[in-house]
Each structure stands twice: as C-alpha cells, then as structure tokens.
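Heads up: numbering here begins at 1 and tracks the sequence.
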Amino acid sequence: MRSLLGRWQTWAGFGVAAVLLFGAAPVVLSDFRLSLLGKFLCFAIVAVGIGLAWGRGGMLVLGQGVFFGLGGYLMGMHLKIADAQIFGNDVPDFMQIAGVRELPGYWAPFASPAFTMLAIVLLPTAIAAALGLGMFKRRVKGAYFAILSQALAAALAILLVGQTSLGGSNGLNRFRTFFGFTLNDPANRRMLYFIAAAVLLIVVAVVRQLMQSRYGELLVAVRDGEERVRFLGYDPANIKVVAYTVAALFASIAGALFAPIVGFIAPSQVGILPSIAFLIGVAIGGRTTLLGPVLGAIGVAWAQTLFSERFPSEWTYAQGLLFIVVVGFFPAGFAGLGVLLKRRRTATNKGAT
C-alpha cells in the first residue's frame with residue numbers, strides 16, 4: 001500500500017511539473033523570459049547529474065563545465081556548418097574573416113545531424129568513462145579527485161582559447177538555424193524551450209529510477225563505506241564510473257541545448273567558474289534529494305540574473321556567502337530544511353511528554 005502511494009505521489013509530482021513547464025510558463029512568461037527559463041533548465045539538467053554523482057556517490061565533481069562545453073561546442077560546430085551551407089559558403093563566417101577557405105578535417109563530419117547527435121552522446125561519456133576508470137581504479141577520491149576534475153576544466157578552457165578554428169576566446173556564436181528551423185522565429189525558440197523542459201523531466205525520471213534501484217543503494221553504500229562494499233565483493237570503482245559517466249552525459253546534453261537557446265558557446269562556459277556555479281546551485285538546493293538540485297540550479301541562476309543586473313559586484317560575494325552558510329549550517333540544502341524542522345518538532349514533543 002505504501003509503495004502504491006509512493007508511485008502515485010511520484011506521478012502526481014511529474015504531472016504538476018509538466019503543467020508548470022508546458023502549460024503555465026509559456027502563458028505567463030514573455031518570449032524573452034521563456035528563453036531565459038530554457039537556459040536555466042539547461043543548468044538544471046547538469047545539476048541533476050551532479051546530484052547523482054555528488055549527493056549519492058560522494059564525488060565532488062568540479063569539472064562538469066568540461067562536458068557541458070563539449071556538448072555545446074559539438075552542437076555549435078554543426079550549427080555553424082549548417083548556417084554556412086544555407087548561404088552557399090564552404091566555411092563558417094568567422095573562418096572567412098580569418099582567411100580560411102577550406103573546412104578543417106575534424107569539422108567535416110559535423111555537417112551530418114546524425115553524427116553530431118551521436119558525438120554529443122558518445123564522446124563525453126567515453127571521455128568520462130576513461131577518466132573515471134583511470135582515477136577510481138587508482139582509488140583517487142575526496143579532495144584529490146575534486147582538484148583533478150577542476151584542473152581538467154581549466155586545461156580545456158585554456159586549450160579552447162588558443163584554437164582559432166573554434167572561435168578562440170569568442171567561441172562559436174550567431175547561430176541562425178537549428179536543424180532547419182530559424183532561430184529568429186519566436187515559435188521555434190519556444191520549441192527549444194519545450195525540448196529543454198522535456199529533457200529535464202526525462203533526466204529526472206532516469207535519475208529517480210537509478211536512485212530507487214539496487215545500483216542506487218550500492219552507490220550510497222560506496223559513499224558511506226567504500227571499503228565495506230569492496231569486502232562484500234563489489235568494485236567501488238565501477239559503481240562510481242557509472243554515476244560519473246551519467247553525470248557527464250547529462251552535462252553534454254545540457255550544453256548541446258544551451259548553445260542554440262542562448263546563441264553562443266565560448267570558453268567562459270567551460271572553465272572553473274561555470275563548474276563551481278553548477279555545484280553551488282546543487283548544494284543550495286539539496287544535493288541528496290531528487291528535486292533539490294533542480295530547484296537550486298534554477299533558483300541560483302534566476303537570482304544571478306535578477307541581482308547581477310542591479311548589483312553586479314555585490315552578487316558574487318552574496319553567492320559565495322550563501323554557499324558557505326548552506327554548507328556550514330544546512331548540509332542537506334534548503335530541501336532538507338523540512339526534514340530538519342520535523343525532527344526538531346518531534347524532539348520538542350517528546351521532551352514535552
């Protein structure tokens with residue numbers, strides 16, 4: 001009976017989310033605000049993966065900007081080639097300005113939409129799996145894992161800045177079409193928002209299934225007692241690699257959606273600062289819960305947009321202070337406040353009796 005009630009609550013939650021995302025938001029928000037919400041949903045997709053890897057697996061992933069940027073650049077390459085073909089050019093506009101007359105060899109396959117979609121899914125997951133196996137098999141964890149993942153984000157950002165064939169420090173921008181749809185058309189921009197909303201719901205459903213499965217129990221067990229899991233006959237490295245790879249996949253998909261929604265992808269979305277920003281949203285929302293990372297990522301992104309316009313220099317300090325307060329006094333984030341208040345109320349009632 002309790003299991004059936006839990007399922008109904010889950011379906012009701014997804015139903016409410018679908019009504020808000022697909023029904024209320026397009027009616028209440030203007031086209032500009034709806035596109036802005038679509039951008040925030042991309043951050044929420046990344047946050048769901050971080051919640052799985054960090055909240056459930058105990059892996060402090062400080063390099064998710066790497067996979068977010070990979071997905072964005074892979075999608076951006078296809079969009080720039082498609083735009084060039086529409087105007088009858090052999091190379092994208094920024095290459096023409098630089099005097100390049102022939103498309104680089106590694107760009108050519110991205111003229112195919114199918115190849116681009118496969119690359120967005122397979123390349124970041126393959127890189128994450130290789131990195132995860134290399135680190136976790138050597139039992140790298142804790143601060144050392146966080147430092148290595150952060151160093152990877154910094155290295156990729158520096159590498160992209162020096163690549164003129166990828167736009168250098170400006171990145172890839174001024175996308176005009178998305179798989180044949182004109183991005184200047186408000187209807188098509190709404191379509192992008194709906195795609196991001198649908199992907200977010202699917203990602204949340206996938207992570208919920210993982211959390212409820214035996215694998216989810218093993219992941220928590222590895223977080224709380226890795227050596228005990230090893231003594232039981234399981235390899236903690238393999239369990240960690242799966243969560244790390246899934247988080248990388250979600251970040252790549254989010255980056256691929258971010259590029260056409262926002263209109264550009266640059267090294268500034270790949271480095272250390274974006275990776276930390278992703279982490280802050282998850283921590284504030286509640287990393288051990290399912291919806292906490294989603295609400296935290298959207299809330300922090302919305303607050304940044306709102307307050308940075310009025311207080312550009314003060315917002316960074318406020319964001320850092322909020323992160324410190326949450327980590328120091330509310331480790332479970334705002335999503336855990338309800339549980340904390342309930343425990344205190346129960347303790348007070350017991351003391352009264």
Between [X] and [Y], is there a donor-acceptor pair closer than 3.5 Å when you use the side chain of the first and the backbone of the second?
| X | Y | result |
| --- | --- | --- |
| Thr177 | Gly180 | no |
| Asn188 | Thr182 | yes |
| Arg189 | Ser35 | no |
| Ser252 | Leu249 | no |
| Gln269 | Ala266 | yes |
| Arg190 | Pro26 | yes |
| Gln96 | Val91 | yes |
| Thr125 | Leu122 | yes |
| Asp83 | Phe175 | no |
| Trp107 | Ser165 | yes |

Check ion pair Arg139-Glu226 (N to O, under 4.0 angstrom): no

Any heavy-atom pair between the side chains of [Y] and [X] that's under 4.5 Å?
| X | Y | value |
| --- | --- | --- |
| Val46 | Pro293 | no |
| Phe94 | Arg174 | no |
| Leu172 | Tyr73 | yes |
| Arg176 | Leu79 | no |
| Pro92 | Phe87 | no |
| Leu148 | Met135 | yes |
| Leu200 | Val48 | yes |
| Arg230 | Glu227 | yes |

Gap separating the [atom1] atom of [X] from the [atom2] atom of [Y], nearest 0.5 angstrom:
| X | Y | atom1 | atom2 | result |
| --- | --- | --- | --- | --- |
| Met191 | Phe179 | CE | CZ | 9.5 Å |
| Leu36 | Thr305 | CG | OG1 | 5.0 Å |
| Tyr193 | Ile261 | OH | CD1 | 10.0 Å |
| Ile265 | Leu74 | CD1 | CG | 10.0 Å |
| Leu159 | Leu166 | CG | CG | 8.5 Å |
| Leu156 | Leu70 | CG | CG | 5.5 Å |

Determine the minimum heavy-atom distance between [X] and [Y], stating which atoms define it.
| X | Y | result |
| --- | --- | --- |
| Phe22 | Ala198 | CZ-N, 3.7 Å |
| Leu257 | Cys42 | CB-SG, 3.8 Å |
| Pro124 | Ala119 | CD-O, 3.3 Å |
| Gly63 | Ala153 | CA-CB, 4.1 Å |
| Ser275 | Gln64 | OG-N, 3.6 Å |
| Gly23 | Val27 | O-CG2, 3.2 Å |

Verdict with supporting geometry, Tyr244 and Phe145, ring-ring contact (aromatic ring centres under 6.0 Å, His included): CA-CA 12 Å; Tyr244 185 58; Phe145 170 76; 5.7 Å; yes

If hydrophobic clusters are built from ILVMFWY residues whose side chains come within less than 4.5 Å, do [X] and [Y] share one?
| X | Y | value |
| --- | --- | --- |
| Ile202 | Phe43 | yes |
| Val16 | Leu37 | no |
| Leu20 | Phe40 | no |
| Met75 | Leu123 | yes |
| Leu133 | Tyr144 | yes |

Worked check of side chain to side chain contact (heavy atoms under 4.5 Å, CB included) between Asp235 and Lys137: CA-CA 9 Å; Asp235 188 349; Lys137 288 292 185 181; 2.5 Å; yes

Derivation of the ring-ring contact (aromatic ring centres under 6.0 Å, His included) call for His78 and Phe115: CA-CA 9 Å; His78 169 72; Phe115 180 88; over 10 Å; no

Identified side-chain contact (heavy atoms from CB on, under 4.5 Å) counterpart of Leu52 within the set Leu219, Leu290, Val242: Leu219

Residue of the set Ile50, Val61, Val300 for which side-chain contact (heavy atoms from CB on, under 4.5 Å) holds with Phe278: Ile50

Flag if over 12 foreign heavy atoms under 6.0 Å of CZ, Phe231: no

Within 6.0 Å of CG in Asp90, more than 12 heavy atoms from elsewhere: no

Verdict with reasoning, Tyr234 to Leu218, per side chain to side chain contact (heavy atoms under 4.5 Å, CB included): CA-CA 9 Å; Tyr234 296 97; Leu218 284 173; 3.9 Å; yes

Derivation of the side chain to side chain contact (heavy atoms under 4.5 Å, CB included) call for Met77 and Tyr106: CA-CA 10 Å; Met77 291 167 68; Tyr106 71 94; 3.9 Å; yes

Audit row: Arg287, Arg56, side chain to side chain contact (heavy atoms under 4.5 Å, CB included) steps and yes/no: CA-CA 8 Å; Arg287 59 189 175 95; Arg56 291 284 171 158; over 6 Å; no

